[in-house]
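One-based numbering along the sequence shown. Just so it is clear, the structure is predicted and the values come from calculations on it, not from any experiment. We use all heavy atoms of the structure for the numbers below, so side chains are in, but hydrogens, waters and symmetry mates are not.
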Amino acid sequence: MGLGIKGLTFLLLLVLLVLCSNVSLSDARSGKHWRQNRASSSTLLRRKGKGKTNNSHKQYGKGNQDPYQPSPSTSPNVPVNPSERPVQGKGHPAPTMPPPSSGSGHTLPSPPPPLPPLLPPPQPPAAQSQNTVFNVVDFGARGDGVTDDTQAFEEAWAAACKVEASTVLVPSELEFVVGPISFSGPYCKPNILFQLDGTILAQTSTRVWGSGLLQWLEFTKLSGISIQGSGVINGRGQEWWTYSDPNDDDNDDVDAYNVELEKMPQIKPTALRFYGSSNVTVTGITIVNSSQCHLKFDSCQGVMVHDLTISSPENSPNTDGIHLQNSKQVSIHHTNLACGDDCVSIQTGCSDINIHNVNCGPGHGISIGGLGRYNTKACVSNVTVRDVNMFKTMTGVRIKTWQGGSGLVQGIRFSNIQVSEVQTPIIIDQFYCDRTTCRNQTSAVAVSGVQYENIRGTFTIKPAHFACSDSSPCSEITLTGIQLKPLIVPQYHLYNPFCWQAFGELSTPTIPPISCLQIGKPSGNNVMSDYDLC
């Protein structure tokens with residue numbers, strides 16, 4: 001029994017010794033002798049793969065730990081993976097986003113990739129900018145009324161030509177001397193505006209004009225070209241005109257003037273001409289003293305002229321106001337025309353012409369023709385002239401053709417024409433001749449379908465003159481509301497109405513009576529054959 005107690009005591013002591021040795025061993029495991037092994041174990045785990053990391057990601061999906069905190073298992077001594085470069089300072093790798101969870105946990109969705117930095121929208125090149133203004137002064141124009149600014153105008157136009165809806169600016173309060181110049185397309189951009197607020201003076205040096213040119217300022221083959229403003233185009237036609245004032249008592253000045261005239265070429269230029277262009281607008285400007293025609297449209301379509309002023313002396317030769325040729329869809333309105341020839345001249349190839357609210361005079365009236373010169377074919381159709389005032393003009397509304405021509409004038413309407421001191425308000429002349437004598441020829445440009453409505457006022461020579469061809473009589477002439485009273489002027493002799501081979505009808509009685517108009521249609525089929533020509 002005694003041995004039993006001693007043995008039991010010994011066994012208890014052994015157990016205590018064993019327990020104490022286990023505690024020391026556990027403490028030793030946490031000491032410095034185990035650090036290297038722990039580090040090696042961590043490195044070994046990284047080399048084996050992402051098993052531990054994946055386990056951590058799975059915990060993010062089920063727990064509340066912030067997924068953006070670095071893993072607590074990462075040791076500062078562990079090499080950084082190249083794909084995990086520090087972004088938050090102190091060498092810490094960027095956090096790895098957990099994959100999306102398919103369950104109902106709190107996994108945050110993966111953020112979208114970062115957007116590239118916002119860049120300003122690309123600016124169009126300067127040549128493509130809209131509504132760019134090109135001031136002729138910026139290109140070297142002096143505007144002093146003496147210096148030749150032609151080159152500056154050419155350079156300004158060349159720059160504007162490259163830009164759609166650009167503007168060439170001729171500034172106000174300056175006078176620019178410009179020689180003959182062509183503002184040309186067809187490679188110019190459309191819708192260019194020529195803003196004329198200053199004054200353009202024609203060059204008067206004979207060296208500039210050489211043997212003579214047909215135009216001074218010319219716009220060719222353009223689309224949507226517009227000229228507008230409050231400026232002036234001064235053709236300085238006095239340098240070409242061959243007249244002198246008979247009332248001028250200063251003979252020395254007259255002689256000197258005529259000597260100067262001898263230096264200018266016989267071919268005289270039109271002041272402003274448009275050729276081969278579409279959608280043309282001329283508004284607001286003033287054209288004065290052109291050496292010949294003031295404004296001309298040739299082979300143009302879609303023309304608008306309004307609020308325009310044209311002025312030259314009534315004895316300036318061949319200074320037509322507006323000249324139309326081979327042009328269609330033309331509208332002229334609210335315009336003042338005073339010149340030495342036709343206020344408006346409508347030539348062959350014109351159709352759909354609308355003229356209204358125009359003041360004409362002095363001048364030769366509004367004329368269709370002369371047509372068919374040099375045995376040519378001429379066609380004019382659909383012309384309306386209405387609401388026009390004429391004062392001291394040679395004729396009112398006139399159709400004139402040369403002998404020997406062919407073709408047809410048809411669909412003409414003259415309405416609401418107020419005449420005052422007009423020599424002959426109504427004229428059709430198929431024997432037109434601007435010389436002393438012209439050769440008699442059989443063929444003629446036919447005239448058919450002409451309406452005269454509400455033409456009223458005073459005349460000084462003859463109320464109406466219808467001189468039509470024997471081979472191609474005038475047909476379908478209609479007279480309505482004609483009231484013309486004679487005005488006695490000492491230098492003129494009054495005549496009665498005249499008709500020759502003119503057919504049509506009197507819709508109302510006329511004042512004075514125009515009884516010479518033959519009622520009905522001409523015999524034969526001459527008119528129909530001429531219809532076929534156009």
Quiz item: Hey, is CZ on F134 packed in by over 12 heavy atoms from elsewhere, all under 6.0 Å?
Solution: yes
Quiz prompt | Main-chain N/O of V178 paired with W216 side-chain donor or acceptor, under 3.5 Å | solution = yes
Practice problem: Would you mind reporting whether P463 and I514 have side-chain heavy atoms less than 4.5 Å apart? | Solution: no
Self-check item: Side-chain donor/acceptor of T348 to backbone N/O of C379, under 3.5 Å
Solution: yes
Quiz item: Got a sec: does the CD of E314 have more than 12 other heavy atoms crowding it under 6.0 Å?
Solution: no
Quiz item: Does a side-chain heavy-atom distance below 4.5 Å link V136 with D149?
Solution: no
Quiz item: Can you find a pair of side-chain heavy atoms, one from N315 and one from W241, that are under 4.5 Å apart?
Solution: no
Quiz item: Is E476 reaching over with its side chain to a backbone N or O of G504, donor-acceptor style, under 3.5 angstrom?
Solution: no
Quiz item: Do the side chains of K400 and D342 get nearer than 4.5 Å, heavy atoms only?
Solution: yes
Quiz item: Under 4.0 Å between a Lys/Arg side-chain N and an Asp/Glu carboxylate O for D320 and K296?
Solution: no
Quiz item: Looking just at side-chain N and O atoms, do N416 and N454 make a donor-acceptor pair shorter than 3.5 Å?
Solution: yes
Quiz item: Are the side chain of T384 and the backbone N or O of R413 linked by a donor-acceptor pair below 3.5 Å?
Solution: no
Practice problem: Start with the C-alpha gap between D298 and R273, add the side-chain angles, then the distance that decides, and say whether salt bridge (Lys or Arg N to Asp or Glu O under 4.0 Å) holds. | Solution: CA-CA 8 Å; D298 190 354; R273 179 190 186 229; 3.1 Å; yes
Quiz prompt | Gap separating the OG atom of S331 from the CE atom of M304, nearest 0.5 angstrom | solution = 4.5 Å
Quiz item: Is a donor on one side and an acceptor on the other found under 3.5 Å between the side chain of S443 and the backbone of G404?
Solution: yes
Quiz item: Would you say S223's side chain and P190's backbone share a donor-acceptor pair under 3.5 angstrom?
Solution: no
Quiz prompt | Closest approach of T508 to G481 (non-hydrogen atoms, all atoms of both residues) | solution = OG1-N, 2.7 Å
Practice problem: Taking all heavy atoms of S507 and all of T478, pick out the closest pair and write down the distance. | Solution: OG-CG2, 3.3 Å
Quiz prompt | CZ (R386) with more than 12 external heavy atoms under 6.0 Å | solution = yes
Practice problem: Sequence neighbours left out, what pairs pass disulfide (SG to SG under 2.5 Å) with at least one residue falling in residues 300-337? | Solution: none
Quiz item: Any luck finding a side-chain donor-acceptor pair between Y275 and E218 under 3.5 Å?
Solution: no
Practice problem: Locate the shortest heavy-atom distance separating W240 from Q203; write the atom from each residue and the value. | Solution: CH2-O, 4.2 Å
Practice problem: Without swapping roles, check the side chain of R236 against the backbone of A202 for a donor-acceptor pair under 3.5 Å. | Solution: yes
Practice problem: Measure the shortest side-chain to side-chain distance between V380 and I399 over non-hydrogen atoms and say whether it is less than 4.5 angstrom. | Solution: no
Self-check item: I488, CD1 atom: more than 12 neighbouring heavy atoms under 6.0 Å
Solution: no
Self-check item: Closest approach of S475 to P522 (non-hydrogen atoms, all atoms of both residues)
Solution: CB-CD, 3.7 Å
Practice problem: May I ask you to test the N289-S316 pair for a side-chain heavy-atom distance under 4.5 Å? | Solution: no
Quiz item: Would you say H323 and H294 make side-chain contact, with heavy atoms under 4.5 Å?
Solution: no
Exercise. Check the angle between the aromatic planes of F219 and W157 and answer parallel, tilted or perpendicular using the 30° and 60° thresholds.
Key: perpendicular
Quiz item: Got I192 and F183 here, is their nearest side-chain heavy-atom distance under 4.5 Å?
Solution: no
Quiz item: Do H334 and H306 make the cut of ring centroids closer than 6.0 angstrom?
Solution: no
Self-check item: Contact summary for T150 and I181, nearest pair of heavy atoms
Solution: O-CD1, 4.0 Å
Practice problem: Going by the side chain to side chain contact (heavy atoms under 4.5 Å, CB included) test, name the single residue among I417, T510, I477 that passes it with Y452. | Solution: I477
Quiz prompt | Crowding at CD, Q151 (>12 non-hydrogen neighbours, <6.0 Å) | solution = no
Exercise. Apply the side chain to side chain donor-acceptor pair (under 3.5 Å) test between N359 and each candidate in T335, N336, T309; give the one that qualifies.
Key: N336
Quiz item: Which atom pair, heavy atoms only, marks the closest approach of A152 to A141?
Solution: CB-N, 3.4 Å
Exercise. Taking S290 for its side chain and Q292 for its backbone only, find out whether a donor-acceptor pair lies under 3.5 Å.
Key: yes
Practice problem: Ignoring hydrogens and angles, tell me if any N or O in the side chain of T393 forms a donor-acceptor pair with the backbone of T395 under 3.5 Å. | Solution: yes
Quiz item: Quick check: are there more than 12 heavy atoms from other residues, nucleotides or ligands sitting under 6.0 Å from NZ of K328?
Solution: yes
Quiz item: Under 3.5 Å, side chain of S166 to main-chain N/O of E164, donor-acceptor pair present?
Solution: no
